[in-house]
Protein chains: 2
Amino acid sequence: MPRRLSAVLSPAEALPSAVTALVVDVIRATTTAAFLLDGGARELVLTAEVAQARAEARQRGALLAGERGGLPPEGFDLGNSPREVHPGRVRGRTVVMTTTNGTRAAVRAAVAAERVGLAALVNVGAAVRWAAARGGDVVLVAAGREGRAALDDAYALGALVARFRGLEPDARLDDGARLAQALFLAHPDPRPLLQSSAAAAALAQVGLAADVEVCARTDALAVLPELAAREGAALRFRPVYPKGV
Amino acid sequence: MPRRLSAVLSPAEALPSAVTALVVDVIRATTTAAFLLDGGARELVLTAEVAQARAEARQRGALLAGERGGLPPEGFDLGNSPREVHPGRVRGRTVVMTTTNGTRAAVRAAVAAERVGLAALVNVGAAVRWAAARGGDVVLVAAGREGRAALDDAYALGALVARFRGLEPDARLDDGARLAQALFLAHPDPRPLLQSSAAAAALAQVGLAADVEVCARTDALAVLPELAAREGAALRFRPVYPKGV
Ligand SMILES: [Ca+2]
Ligand SMILES: [Ca+2]
Ligand SMILES: [Ca+2]
């Protein structure tokens, strides 16, 4: 029986259990996560709360990254912008990161699935190769925004569905996967689509509009952040480089 | 300032408050509701529970319609199939109806909005004329399925968005509205899209596959079921025939 590929567009929806989950927060957490590991960070530790992020960073001697309201909290080394990631700054380091929606989605995915990866447009190919390399049902989890489905995340879910179907034409899609795929297929160029999202509008308001173009760079990176361990309330990700399947 | 047009694809998401709400359960509750009133039913009373529907029907001398698991409960006069609606059967009658997802969505909409209409593909034009005829924000509410976004409802939300934009090109769309509209614009023919939905698969399993084609008849009806009163836990709808705006 071909495997099931589900796409959960809304953070308000329950996740079906699956072997493999890909968590998507295109603008910007999972994009930035991929850039951090591609830039040479040794590992990435996600936490839900700012205070917890500070404590983890102190304890691990790590860089502190993330945002609230789009901007880095007081004393953070980095925000949540992929444009801030310079290899000279992150290489060999552990990075502790906290973001509004992305972290929460990763925590939910870690409950529903055995293995969890972080996906965005910048690593869509790597993400699909990683997910397809092992059997079992796959669920795509959109971080969303303010408790609602988000256009940018839905689009990236669609890109993942379309690529996955390219490898496994028989995969059984749920309604969410069909919906996301239709959005993706109707918009071959991600840039105008991402630009029209509420997330892009919010970034423009804090002077970070230029991040959107970086988030739209499909297949720019070969890395997949893979959940290595849950350590208390923190999720530790390591970089993997999935080969073709 | 142009009005806001929001589309809530998932029944798990909170509804933004709005002046006007259109509730959509294409397969099949809002389609059947439109057929009932178009067929001459005097009014339609929605209830959440089967026992409550029986009590309301007895008290009102009404026909009893609806489904659980796609089929009419014991002793019901009608199921939830638009193909069962014959004017000779419903003309002049009150119909009490209970369905799995559609009723719940209508109840939620009645809390969030001042005025509530029932929309489907069969009355998309009437629904948009009705909603546009009064000012204020509009929210489109998908009934969904099993707590998740449903492909058929998302498609109809997209049809409503596209039509609304035709009347009011400046209306401000949220991410949900953009997502739904993209799905609609990518599939000019609703039939294959509806056929690929989980709702259609469930209907096929109970021998009601032929209902789907009826649900896909865009603009077949000129009626809009409008919420006239909340009577205890029941919602009473009357037929209105919106003129061009
Ligand atoms: Ca986001
Ligand atoms: Ca339905
Ligand atoms: Ca229903």
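Everything numeric here is computed off the predicted structure, so don't read it as measured data. Letters A, B, ... are given to chains in the order of the sequence lines, protein chains preceding strands, and every chain is numbered from 1.
Other residues, nucleotides and ligands contribute over 12 non-hydrogen atoms within 6.0 Å of the CZ atom of B:R3. B:R172 CZ: more than 12 foreign heavy atoms inside a 6.0 Å radius.
In this structure, the portions of B:A198 lying under 4.5 Å from any heavy atom of chain A include both its backbone and its side chain. At a 4.5 Å heavy-atom cutoff, B:A177 makes no contact with chain A through either its backbone or its side chain. Contact annotation for A:A200: neither backbone nor side-chain heavy atoms come within less than 4.5 Å of a heavy atom of chain B. For A:L179, the parts lying under 4.5 angstrom from a heavy atom of chain B are both the backbone and the side chain.
Distance alone, capped at 3.5 Å, places no donor-acceptor pair between the A:D175 side chain and the B:S197 backbone. Between the side chain of A:E13 and the backbone N or O of B:A149, at least one donor-acceptor pair lies under 3.5 Å.
Put simply, the side chain of B:D174 reaches to within 4.5 Å of the side chain of A:R148, judged on heavy atoms.
In this structure, B:L185 CG and A:H187 NE2 are separated by 8.0 Å, a value rounded to the nearest 0.5 Å.
Looking at every heavy atom in both residues, B:A186 comes nearest to A:A186 through CB-CB, 3.8 Å.
Note on A:A180, A:P11, A:G144, A:S196: by heavy-atom pairs under 4.5 Å with chain B, the leading option is A:S196.
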